[in-house]
Amino acid sequence: MTDFFDLSDDTPTTPIQQPTTPPPAQQPIPFLDDLNPEQRQAVEHTEGPLLVLSGAGTGKTRVLTTRIAYLLATGKARPWQILAVTFTNKASREMKERLEKMAGLAARSVWLGTFHAIGIRILTRWAADAGLKPNFIVLNSDDQERVLKQLMTQNGVDIKKYDPGVMLDIIQRWKDRGLAPTDITPAENTPWCDGRAQGFYQLYQNRLHELNAVDFGDLLLLPLLLFKNRPDILDLYQNQFRYILVDEYQDTNVAQYLLLRLLAKKHHNLCCVGDDDQSIYSWRGAEVENILKFQDVYPDACVIRLERNYRSTAHILGAAAALIAHNTGRLGKTLKAAKSDAADGERVALNAYANGFYEAQKVIEKIEVEHTRGTPLSQMAVLVRASVQTRPFEDELIRAGIPYKIIGGFKFYEREEIRDAVAYLRLILNQNDDLAFARVVNKPRRGIGDSAMAALSATAREHKISLFEAVTWAELRPSVRKTLNAFTAQVKAWHDLTETIDPAPLVQQVLEESGYLPMWRTDKSPEAEGRIENLKELSNVLKEFETISAFIEYAALVTDADATATDDQVVVMTLHAAKGLEFDIVFLPGWEEGLFPHQKALDEVGEAGLEEERRLAYVGLTRARQKAFISFAENRRVYGQYQNALPSRFIAELPAEHIADHSTLNNHCRFGADDIAPLMWHSSQSRTGSDSSASDTGWGRGSDTFWQKNDPTDRPVFDYQRKSDPFYHHPIRTQDSPYRHTPRRNDDAPSSTRTYPPQLTPKQTYNPTRRIGKRVFHDTFGFGTVVREEGHRLEVHFDTYGLKKVLAEYLTEA
DNA sequence: GGGTTGCCCGTTTTT
DNA sequence: CGGGCAACCC
């Protein structure tokens, strides 16, 4: 079920193996006929470096899978001689499924997976040579930061002054570039934290080594170092991988680039597919240069452009193309509409709203309208710049009773209880997993506090043993010793159980016997019930695994983005999360200066930051098949304060012929006919007038912004409240304003105010005094249990829809 | 060793 | 405004 494990299945365990049987005879390749000429060329041009510049919606996954199938069918390669890397588990799963349809079982032997999964595979095979013991663990970001924080504190760094998170970031950026601690030149090192970052990088790596742990960056860096130190091993892989395919090449970092270059050195058959216009992860170490310089690195490279877009209407493509044309340094590529009905589409709608709440309300109304017109909810998405923006949309969706899903925010595997449970499992598997030990030894409370832990770690460090082993040797108070002895005995007993019991029942038993589940049962806090539910869910997930170690390696690599949405629900997510997805209708709210483009991107990375923001806008627009709605709010609550805002400069970059502009008249904002703001609140007026001096810069506390601290002349292009602006002092319309219309509601929708779900009117208000734990019924979500209440809103765990926040009046007692 | 309060800070986050 | 965390108190 995970890519990693699929990957390890039925493939040769060593890379040396060569085909013993002759390649299959050539056979007709029918799937080639489904391709357009460029796609076909990208499939058939098998030899030598190939760069496929694949715009949004031009069928790159199809090209990749067909290319693999073609290599197999023509006998150019045996399955394990093909390496295909993706960025997400989701992408590799999808590719694997599609490939299996074309190539059958052979698909399973292709080395297909994420960069990190391939990295694990290589490191597992050559653990000793890479300086690891078998069963090394993969740290999550949480663990990483804790390790670093500990090291910094131990070495006398004031972590209030120097954030371990920043240190971690610096180290990760080095790793992203394939640099080991010893590779950091003085020039490379940062003056931050008195130039001690390099030293901490070394200390951090040492500590990971002691823990027999690697972090995500190591999954790329360590294979790289392995290949550097062991040309013989590199040689094996270079021989093995006759064809290498890379998805989303614009998002590769330097380490990945180096790995690919090394691996492709012998056969030169490196096929990279990507779109420089969709590079949106530079802040994580992705290097657009990789794609921009491909032809310099591989002078004999063939470049194929896929520009026929099968997804969007001509208007959407026109708007997106004009927007992205404002970027410099592109490889250049123009999407052409290829859908037969592309020319019939509607223009991209542009709307202005009085404030963020009203914007959310209107967007949700439009969703209802479109739904009644026949667009499934799952084919509509709200794409926002920052995850905080999801909140008002969630509120409105709840109010409207529309099933929805928010992607981002809390991730299942990042929740406290899940991490605790996973830590228990880790400890059971490997008693020397100090991080797991420290995490659970006092959960539930066993009276093991800081002093006991300090004694343990001192002993552990002194004798170079694990915390678990240190229990035997450390000097401890008798009561603590007794507790710890009992604990370690228990862990050993659980360990022995792994032989006989399946993972799912085992985790149940462990969580029960350890007192972990009982701890939550007696916990009277509102979240407790949800946590118990999550732990149940964990045990469900575990049923899919045969061994605990299989699960743990999986859990280290998955994220929530892998969850597949099958239900008919509207999805609300960040633009970043939307990359690679498509929807019939896309809503793009919050196009305001400071928010999008985000002020921080402008302040910290200047022009390059602006261009990346613009690419993000491009990604957003090109997600839409039929319709896109862009909007901005004149006024938005930020950090509890109401702020006036200017429309995003990106709006000005949209070509009029593709836009249905409901927002402007003579360049002044006004409200479109169906977008009259009801007077929701007035507080914005308190922000206008004399207190809106030039130093009042909009988002965040003005005095905190980078440019102000450093150079008052280096200001953003826009002030937020210039007097010359149409938004400055923009009056909130009053009831008797000449512009005021009676707000229409869904004129073209059936007369009922709300058309979805069919009957929303509550039978009776559900409002007993003590609500937590009560079984309730909701018209849309069905039966559920109240988990938490926050005022009028209740958090309910629905049997089929999971955790949702709903208003009490939509619930009836079950 | 554990609970509470008050302060700080707020972009994005495929693995 | 609201979540997370550190200092503080019991």
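All heavy atoms count here, side chains included; hydrogens, waters and symmetry mates do not. Throughout, protein chains are lettered first and strands after them, A, B, ... in sequence-line order, and every chain is numbered starting at 1.
Considering only side-chain atoms of Asn442(A), the nucleotide from dT12(B), dG2(B), dG1(B) that sits closest is dG2(B). Ranking dA6(C), dT12(B), dT14(B) by closeness to the Phe87(A) side chain, first place goes to dT14(B). With dT13(B), dT15(B), dT11(B) as the choices, the nucleotide that has an atom nearest any side-chain atom of Tyr281(A) turns out to be dT13(B). Of the candidates dC1(C), dG3(B), dT14(B), dG3(B) carries the atom nearest the Arg445(A) side chain, counting heavy atoms from C-beta on. Checking dT14(B), dT12(B), dG10(B) against every side-chain atom of Ser387(A), the shortest atom distance belongs to dT12(B). Relative to the side chain of Thr114(A), the nucleotides dT12(B), dG1(B), dT15(B) differ in distance, and dT15(B) lies closest. Side-chain proximity of Arg637(A) to the nucleotides dT11(B), dC1(C), dT15(B) is greatest for dC1(C). Distances from the side chain of Lys579(A) to the nucleotides dT15(B), dT14(B), dT11(B) place dT14(B) closest.
Salt bridge absent: Asp395(A) and Arg399(A) never bring a charged side-chain N and a carboxylate O closer than 4.0 Å.
Remark: of the listed residues Val63(A), Leu64(A), Thr88(A), Leu64(A) is the sole one forming a side-chain contact (heavy atoms from CB on, under 4.5 Å) with Asp247(A).
For Asn253(A) (side chain) and Gly285(A) (main-chain N/O), no donor-acceptor pair under 3.5 Å exists by modelled atom type.
Here, dG4(C) and dT13(B) have their P atoms 16 Å apart, quoted to the whole Å.
In this structure, a donor-acceptor pair under 3.5 Å is present between the side chains of Tyr204(A) and Asp215(A).
Within the 4.0 angstrom heavy-atom criterion, only backbone atoms of the sugar-phosphate kind lie near Ser451(A); the bases stay farther away.
Under the stacking definition used here (centres under 5.5 Å, planes under 30°), the residue His576(A) fails to qualify as stacked on the base of dT12(B). dT15(B) has no stacking from Phe115(A) on its base ring, since the centres under 5.5 angstrom apart and planes within 30 degrees of parallel are not both found.
Residue-to-nucleotide contacts include no donor-acceptor pair under 3.5 Å from the side chain of His598(A) to the base of dT11(B).
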